[in-house]
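Below is one structure, written out as structure tokens; the observations come after it.
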2 protein chains.
Amino acid sequence: MTDYYTPGEVARRHGLSLDTLRYYEREGLLAQVERSPAGHRRYRASDVEMLDLVRCLRDTDMPIARLREFAELVRAGDHTIPQRIEVLVEHDAQLTARIAELRRRQEAIRHKIDYYRGVLAENRSDTEEEGR
Amino acid sequence: MTDYYTPGEVARRHGLSLDTLRYYEREGLLAQVERSPAGHRRYRASDVEMLDLVRCLRDTDMPIARLREFAELVRAGDHTIPQRIEVLVEHDAQLTARIAELRRRQEAIRHKIDYYRGVLAENRSDTEEEGR
DNA sequence: CTGAAGGGTGGAGTGCACTCCAGGTCAAGT
DNA sequence: ACTTGACCTGGAGTGCACTCCACCCTTCAG
């Protein structure tokens with residue numbers, strides 16, 4: 001039992017590739033990850049926590065650049081909490097808007113499906129008439 | 001008054017660039033658009049209708065490749081309506097799943113916001129105590 | 001002692017969906 | 001006659017987010 005996670009563990013747990021994990025670190029989304037004497041990464045609970053948030057924001061389409069800004073705020077210390085809240089609140093609003101848009105589009109798609117089903121139903125009854 | 005739309009009109013109405021419009025045509029998302037004697041495109045009502053659907057599907061993240069397949073079904077004639085329904089129904093399901101995921105992530109983000117607000121509230125009461 | 005597993009690096013490559021550009025045509029207005 | 005604006009073409013370029021590669025190192029089971 002150790003108090004850190006290996007790259008493989010973290011990657012598996014988050015469904016990310018090792019390359020992506022390293023990429024996120026390079027891009028400044030994660031702070032300086034600790035290393036073992038052999039140079040291997042050791043992810044602490046705090047890294048994993050940050051990664052959870054990163055994944056949450058990435059999965060809701062926050063661009064890497066914005067995530068980096070957010071990560072910089074985190075690294076700058078607790079006095080940036082108001083700005084962090086601002087970022088998250090804005091993203092939350094965008095998310096609400098995006099969900100609403102998806103719903104609207106979904107409605108339209110469903111109408112199209114219904115329309116096509118209507119066409120099929122009509123063709124079917126045409127065939128029945130023919131058969132009479 | 002004409003019974004077709006110019007590229008500029010179509011682009012404005014759909015919020016697409018002329019380049020994107022041409023790109024979609026090249027990629028086979030739109031059928032053979034008619035041309036004026038001068039070689040300029042003339043979009044018919046049916047093109048605009050197709051474009052509405054294309055936009056609907058693109059805005060809900062259907063990849064261009066899948067859209068091309070769908071467009072090919074449309075061009076192949078009415079006997080492909082069952083397959084078209086299949087495509088749309090599957091996309092609808094993916095959309096439902098995506099919306100659910102976004103909602104879940106949004107919940108998590110909101111929890112984080114609340115957490116940060118809690119930290120702020122605590123700091124504020126600390127300061128008050130100091131001032132006493 | 002060996003070889004497989006699991007990591008490390010820098011840098012190049014990929015896939016997607018556009019987006020831009022140079023150089024050209026055409027129609028209409030002044 | 002000239003300019004302007006809308007459009008045309010083929011092809012190159014862009015931005016994003018990974019993803020892959022070659023080559024190297026260490027640890028550990030058999």
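Order of the sequence lines sets the chain letters (A, B, ...), proteins ahead of strands, with each chain counted from 1. Model, not experiment: these values are computed from the prediction.
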Between A:Y43 and B:P63, name the one whose nearest nucleotide on DNA chain C is closer to the 5' end.
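Its nearest nucleotide being more 5', the pick is A:Y43.
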
Phosphate-side-chain proximity, [X] and [N], N/O vs OP1/OP2 below 4.0 Å:
X: B:S17; N: C:dC18; answer: no
X: A:R41; N: C:dG7; answer: no
X: A:T6; N: C:dG7; answer: yes

Side chain of A:P7 only, please: which of D:dA6, D:dT19, C:dG7 is the nearest?
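Side chain of A:P7 sits closest to C:dG7.
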
Starting at atom [atom1] of [X], determine the distance to atom [atom2] of [N], rounded to an integer number of angstrom.
X: B:D61; N: D:dC16; atom1: CG; atom2: C1'; answer: 15 Å
X: B:L16; N: C:dA17; atom1: CG; atom2: C1'; answer: 12 Å
X: B:L18; N: D:dG10; atom1: CG; atom2: P; answer: 16 Å
X: A:H40; N: D:dC25; atom1: NE2; atom2: P; answer: 12 Å
X: B:D59; N: C:dC18; atom1: CG; atom2: C1'; answer: 14 Å
X: B:R42; N: D:dA6; atom1: CZ; atom2: C1'; answer: 14 Å

Taking only heavy atoms on the protein side, list every residue of residues 19-38 of chain B lying under 4.0 Å from any atom of DNA chain C, sorted numerically.
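By residue number: B:D19, B:T20, B:Y23, B:Y24, B:R26, B:A38.
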
With distance as the sole test, does [X] use its side chain to make a donor-acceptor pair with the main-chain N or O of [Y] at under 3.5 Å?
X: B:T80; Y: B:Q83; value: no
X: B:R42; Y: B:Y5; value: no
X: A:R110; Y: A:D114; value: no
X: A:R84; Y: A:F70; value: no

In terms of side-chain heavy atoms, does B:Y4 have a donor or acceptor partner in B:R44 at a distance below 3.5 Å?
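No, no side-chain donor-acceptor contact under 3.5 Å.
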
Do A:Q106 and B:T60 meet the criterion of a side-chain donor-acceptor pair at a distance under 3.5 Å?
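Short answer, no.
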
Answer whether the closest heavy-atom distance between the side chains of A:L29 and A:Y23 falls below 4.5 Å.
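They are not in side-chain contact.
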
